[in-house]
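As structure tokens, the structure follows; a few thoughts come after it.
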Amino acid sequence: MVVYEKHFDIIVVGAGHAGCEAALAGARMGCSTLLFSINLDAIALMSCNPAIGGLAKGHLVREIDALGGEMGKNIDATGIQFRTLNTRKGPAVRASRAQADKQQYRMRMKNVLEHTDNLSLKQGEVTSLFVEDGVILGVDTRDGVRYRARTIILTTGTFLRGLIHVGLTSYAGGRAGDLPAMGLSDSLGQFGFEIGRLKTGTPARLDARTIDFSKLEPQYGDEPPIPFSFSTERIELPQMPCHIAYTNERTHEIIRANLDRSPLYGGLIEGIGPRYCPSIEDKVVRFPDKTRHQSFIEPEGRDTIEMYPSGLSTSLPIDVQIALYRSIEGLEAVEIMRPAYAIEYDYVDPIQIHASLETKKVRNLYHAGQINGTSGYEEAAAQGLMAGINAALRIKGKEPLVLGRGEAYIGVLIDDLITLGTKEPYRMFTSRAEYRLLLREDNADQRLREKGYAVGLVREDEYRAFQRKMEMVQAELARLRETRLVPAETDEAFLQEHNLLDLQNAVTYEQLMRRPEFDYRELQRIDIDCLELPPVVKEQVEIQIKYQGYIDRQRQQIASSDKLETTRIPADFDYAAVSGFSIEAREKLQRFRPDTLGQASRISGITPAAISILAIALKTGKGR
């Protein structure tokens, strides 16, 4: 075994979306960082959908950006269609989504990594961990080199014992075209980690020249496109449309007739697939009454003919894939450029990590991304960012940064994983957040910019711009509280239009803005001072005024739960020494070993009575 000459602060294994954020965070915080990839040409590659954001996922991207991560900036620079979803609903569930130019996204991220100080990149496969006395000291590669580091972050994606299925044919691969990582799972198992098996899949890539777009419904992006990053002033790339297609009864007949050739239904696939992103054969079987399923035909970039048929992932054989895609109107003559496939891979049960993403079994080892059982680029990137931050803070001898459920969707994501575990690929939804009115996309900078600046990831100019924005918001809120509409001095037609003719006394502009139908478009008719305000300031002022009561209520709920969240449980707490627990409660507490009372309270099967017993034991010193 050759020992590499340099000793790093942080080594990141895997250069997908989690690995990129982890490596950038560590290096930008001043730590010598090494990023490993099996293929340096596949850094930040979008293995599946060429898009960033979506419902709840857009919230994660905004939070990554607010903390100083790169994903928001990267999609802003390479996006080819931006849309805001749920525009008819309240601000809590509105979400941003953007199609990416797949190759530009990858190349820009690689360029950022290559030009980041303190960061080295190497191509190689990590096959085992170097651990002594429960502390990680380095990693070993397939070519016989040991790389030493003070902390290690594993962001292995779908590569751990990856197995690709196309029909009844299976072969090893991390994704189509890439080799799997075959040794690392065994190494993790040797250190006592519980390892499971998950499955995901991707549709075929189609030749745009063989699609009749005149038969499909075009879908255009927003104009003007709204950026993800709080630092992006405008989107520069020309935008492109997507198109909508639908399956039909003929499609469904083809699928049903060939289920015996599906690895999913033929018993070849062991792993559990994503509930909320099923394959097309899964949809046909689970929803037999549906006569059609929608697909967005999405371009993979400006300079490629490859198209991504969202919602049509499958693991059926090639001949069946050809028939089912060609059964769709507009795709009658379509040619497949890359076949669809399913992939199985190993993951490590996330109840074995702390909220900092450090593992409980091996000190200074962190896990982030699909190794923790999550699905999606955004969930991976969020974890990678937090793992990178916390590994760097460990190097600096500082306490980890842990986000609460009332602070960020990132906090909800990590807390769900470590307190509930997962048996299927975890996907973020707004419904998972109890305090989603506080955790909006638009206020991610207000929630997290200070934290990103404090750890050293938010640049000085970005932080000053944030401060100026917040000063403008506070000044405008104060102005609206003080400025009044006087009925005798206001146009009668305006008063009549807004049912204000019966007003006897003056009302403040803030009171007017509380009305559901009243916004800045109405206010500017009587108030020229608001015309020069930036749109982002107007947005914040409107939301804070209209939803203030609900926001205050959720803040009170968070404050009342803070005691549980901040009451720590010693790592060596002896649950067997505390009487009063049910057998189930004791077994689960011993298995999960939560870090706080708050985490313990969210473990399935842990009752309020068990939490009371635990709280008393902590106060009286039992179990220590």
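Positions are given from 1, in the same order as the sequence printed here.
A salt bridge links E358 with R394: the closest approach of a Lys/Arg side-chain nitrogen to an acidic carboxylate oxygen falls below 4.0 angstrom. Remark: R405 engages D416 in a salt bridge, criterion side-chain N to carboxylate O under 4.0 Å. Of the charged side-chain nitrogens involved, at least one lies within less than 4.0 Å of a carboxylate oxygen, so that E70 and R108 count as a salt-bridged pair. Under 4.0 Å is where a charged nitrogen must lie from a carboxylate oxygen, and between K451 and E407 at least one such pair does. A salt bridge does not link R94 with E441: none of the charged nitrogens is closer than 4.0 Å to a carboxylate oxygen. Using a 4.0 Å cut-off between a side-chain N of Lys or Arg and a carboxylate O of Asp or Glu, R479 and E476 qualify as a salt bridge. Ion pair E379/K57 flagged as a salt bridge, since at least one NZ, NE, NH1 or NH2 atom sits closer than 4.0 Å to an Asp/Glu carboxylate oxygen. A salt bridge links K102 with E300: at least one charged nitrogen is closer than 4.0 Å to a carboxylate oxygen. Between E510 and R514 there is a salt bridge, with a side-chain nitrogen of the basic residue lying less than 4.0 Å from a carboxylate oxygen of the acidic one. Ionic pairing of K73 and E462 is present here: one or more N-O contacts between side-chain nitrogen and carboxylate oxygen are shorter than 4.0 angstrom.
In this structure, a donor-acceptor pair under 3.5 Å is absent between the side chains of Q540 and N443. Side chains of R553 and Q556: a donor-acceptor N/O pair is absent below 3.5 angstrom, by distance only. D76 and T232 share a donor-acceptor pair across their side chains, judged by distance under 3.5 Å alone.
The environment of F494 atom CZ is dense: over 12 non-hydrogen atoms of other residues, nucleotides or ligands sit within 6.0 angstrom. For R525, the CZ atom sits in a packed shell: over 12 heavy atoms of surrounding residues, nucleotides or ligands are nearer than 6.0 Å. For L531, the CG atom sits in a packed shell: over 12 heavy atoms of surrounding residues, nucleotides or ligands are nearer than 6.0 Å. More than 12 heavy atoms of other shown residues, nucleotides or ligands fall within 6.0 angstrom of atom CZ in F213. For E532, the CD atom sits in a loose shell: 12 or fewer heavy atoms of surrounding residues, nucleotides or ligands are nearer than 6.0 Å. More than 12 heavy-atom neighbours from other residues, nucleotides or ligands sit within 6.0 angstrom of CD on E517.
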Please step through side chain to side chain contact (heavy atoms under 4.5 Å, CB included) for the pair F296 and Y308, ending with a clear verdict.
CA-CA 8 Å; F296 290 94; Y308 178 95; over 6 Å; no
Full working for salt bridge (Lys or Arg N to Asp or Glu O under 4.0 Å) between E542 and K538
CA-CA 6 Å; E542 278 191 24; K538 291 180 180 179; over 6 Å; no
Please walk me through it: do R515 and E522 pass salt bridge (Lys or Arg N to Asp or Glu O under 4.0 Å)?
CA-CA 11 Å; R515 293 170 170 247; E522 298 301 317; over 6 Å; no
For side chain to side chain donor-acceptor pair (under 3.5 Å), just list the numbers for Y220 and Q239, CA-CA rounded to whole Å, side-chain angles, deciding distance to a tenth of an Å, and then say yes or no.
CA-CA 8 Å; Y220 298 94; Q239 301 295 284; over 6 Å; no
Start with the C-alpha gap between D415 and Q599, add the side-chain angles, then the distance that decides, and say whether side chain to side chain donor-acceptor pair (under 3.5 Å) holds.
CA-CA 7 Å; D415 186 71; Q599 290 177 15; 4.8 Å; no
For the pair V412 and Y435, evaluate side chain to side chain contact (heavy atoms under 4.5 Å, CB included) and give the outcome as yes or no after the intermediate values.
CA-CA 10 Å; V412 175; Y435 310 114; over 6 Å; no
Verdict with supporting geometry, E482 and Y509, side chain to side chain contact (heavy atoms under 4.5 Å, CB included)
CA-CA 8 Å; E482 295 165 2; Y509 285 175; over 6 Å; no
Given the rule in the side chain to side chain contact (heavy atoms under 4.5 Å, CB included) test, do T430 and L55 qualify, once you have shown the distances and angles that lead to the verdict?
CA-CA 7 Å; T430 54; L55 300 180; 5.6 Å; no
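L500 contributes atom CG, which lies 5.5 Å from atom CG of L495 (distance to the nearest 0.5 angstrom). Here CD of E378 is found 12.0 Å from CD of Q383. Values are rounded to the nearest 0.5 Å. A distance of 9.5 Å separates CZ of R427 from CZ of R432, quoted to the nearest 0.5 Å. Of the inter-residue distances, the one linking R83 atom CZ with S96 atom OG reads 11.0 Å to the nearest 0.5 angstrom.
Considering only heavy atoms from C-beta on, L60 comes within 4.5 Å of M428 through its side chain. With a 4.5 Å cut-off on side-chain heavy atoms, P299 and I80 count as touching. Side-chain atoms of P425 and T374, non-hydrogen and from C-beta on, never get closer than 4.5 Å to each other. V541 is not listed as a side-chain neighbour of L533, based on a closest heavy-atom distance of 4.5 Å or more. Within the 4.5 Å cutoff, the side chain of C242 has heavy atoms near those of the Q99 side chain. By the 4.5 Å heavy-atom criterion applied to side chains, I603 and L420 are not counted as neighbours. A heavy-atom distance below 4.5 Å is not found between the side chains of L357 and I153. R106 is not listed as a side-chain neighbour of M46, based on a closest heavy-atom distance of 4.5 Å or more.
No donor-acceptor distance shorter than 3.5 angstrom exists from the side chain of N118 to the backbone of T33, with no hydrogens or angles considered. Of the possible donor and acceptor atoms, one in the side chain of S229 sits under 3.5 Å from a partner among the backbone N and O of S231. Checked by atom type and distance alone, the side chain of T247 pairs as donor or acceptor with a backbone atom of H293 at under 3.5 Å. Between the side chain of S561 and the backbone N or O of I558, at least one donor-acceptor pair lies under 3.5 Å. Within the 3.5 Å criterion, the main-chain N or O of A66 finds no donor-acceptor partner in the side chain of D445. Side-chain atoms of R440 never come within 3.5 Å of backbone atoms of R436 as a donor-acceptor pair (strictly under, hydrogens ignored). At distances below 3.5 Å, not a single donor-acceptor pair connects side-chain atoms of D595 with backbone N or O atoms of H354. Remark: side-chain polar atoms of T155 are paired, donor with acceptor, to backbone N or O of G14 under 3.5 angstrom. Distance alone, capped at 3.5 Å, places no donor-acceptor pair between the D222 side chain and the P225 backbone. Listed for the E489 side chain is no donor-acceptor partner under 3.5 Å among the backbone atoms of V486.
Contact record, M71 with V61: SD-CG2, 3.8 Å, taken as the closest heavy-atom pair. The nearest pair of heavy atoms linking A382 to I410 is CB-CG1, 3.8 Å. Between R62 and I226 the shortest heavy-atom distance is NH2-CG2, 4.1 Å. In plain terms, the two heavy atoms of Y377 and C48 that are nearest each other are OH-N, 2.9 Å. Scanning all heavy atoms of the two residues, the minimum distance from L67 to L457 falls at O-CB, 3.3 Å. Across A245 and I297, no two heavy atoms sit closer than the pair CB-CG1, 4.1 Å.
When each of I64, V402, L413, L403 is checked for a side chain to side chain contact (heavy atoms under 4.5 Å, CB included) with M386, only L403 meets the rule.
Side-chain rings of F518 and H498 approach one another, their centers coming within less than 6.0 Å.
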